[in-house]
Amino acid sequence: MNRKLAVGRLWWKELRQLLPLVGLLFIVGLLLQLLSLTAPSDFRWQTAAIVLGIPGLFAAGAGALLVGQEKELRTFDWLRSLPVLPNDILRTKLLVGLLGLVLVWLVSLALAATSSSLPRRLADSGGEWLWALHSLFLLLLGFATAWQLRSSFISLLILLPLACV
């Protein structure tokens with residue numbers, strides 16, 4: 001197996017690993033949008049906060065899923081046996097996480113735009129970019145904690161206090 005084929009299979013493996021998380025968050029976002037159609041008008045700001053928080057949930061879980069699960073299942077030995085460089089493994093995991101975050105952001109903003117549940121001052125001020133930067137920081141911090149710790153559960157538990165610091 002050549003290096004290009006191995007990296008392609010690694011991409012496919014990582015994308016399949018994130019698919020359940022992306023699907024679950026899409027369903028949650030869709031259900032929240034359906035609930036917002038029947039909710040009173042004072043509930044709409046809470047729905048906007050939840051829809052904007054869905055990318056944060058993805059960012060928190062992606063590092064533990066992509067890296068922590070590999071450590072817990074001890075599949076890093078299998079990854080090391082592939083004819084790829086360790087930097088290729090790290091780069092693939094990080095790029096798949098970033099691609100997933102962009103996809104979740106696009107879906108989340110599309111869901112929020114369809115019901116116009118974003119508050120006007122947030123939509124006018126460009127505040128969604130601040131949310132995007134927060135979720136990017138959370139994704140990178142999640143990867144860092146998952147690389148350093150053995151358990152994905154512990155890395156998820158320590159992620160929130162570290163993000164607040």
I want to check something: taking the side chain as every heavy atom from C-beta on, are Arg91 and Asp88 in contact at a cut-off of under 4.5 Å? yes

Heavy-atom distance under 4.5 Å between the side chains of Leu160 and Cys164, does that happen here? yes

Before giving the answer on side chain to side chain contact (heavy atoms under 4.5 Å, CB included), spell out for Lys13 and Gln17 the whole-Å C-alpha distance, their side-chain angles and the decisive distance to 0.1 Å. CA-CA 6 Å; Lys13 180 190 99 45; Gln17 206 169 358; 3.2 Å; yes

Consider only side-chain heavy atoms of I, L, V, M, F, W and Y, link residues closer than 4.5 Å, and tell whether [X] and [Y] are in one cluster.
X      : Y      : result
Phe137 : Leu162 : yes
Leu24  : Leu19  : no
Ile89  : Leu140 : yes
Leu18  : Leu141 : no
Leu10  : Leu15  : yes

Heavy atoms only: give me the nearest [X]-[Y] pair and the separation to one decimal.
X      : Y      : result
Leu157 : Pro161 : O-CD, 3.3 Å
Leu156 : Gly61  : CD2-CA, 4.3 Å
Ala146 : Gly63  : CB-O, 3.4 Å
Ser135 : Ala59  : O-CB, 3.1 Å
Leu139 : Ala62  : CD1-CB, 3.6 Å

Could you tell me the separation between the [atom1] atom of [X] and the [atom2] atom of [Y], rounded to the nearest 0.5 Å?
X      : Y      : atom1 : atom2 : result
Leu138 : Leu159 : CG    : CG    : 4.5 Å
Leu149 : Trp147 : CG    : CH2   : 13.0 Å
Trp105 : Ile54  : CH2   : CD1   : 10.0 Å

Show me the donor-acceptor pairs within less than 3.5 Å that the side chains of residues 93-104 make with the rest of the protein, sequence neighbours left out.
unit_1 : atom_1 : unit_2 : atom_2 : d
Lys93  : NZ     : Glu14  : OE1    : 3.2
Lys93  : NZ     : Glu14  : OE2    : 2.9
Lys93  : NZ     : Leu66  : O      : 2.8
Lys93  : NZ     : Glu70  : OE2    : 3.3

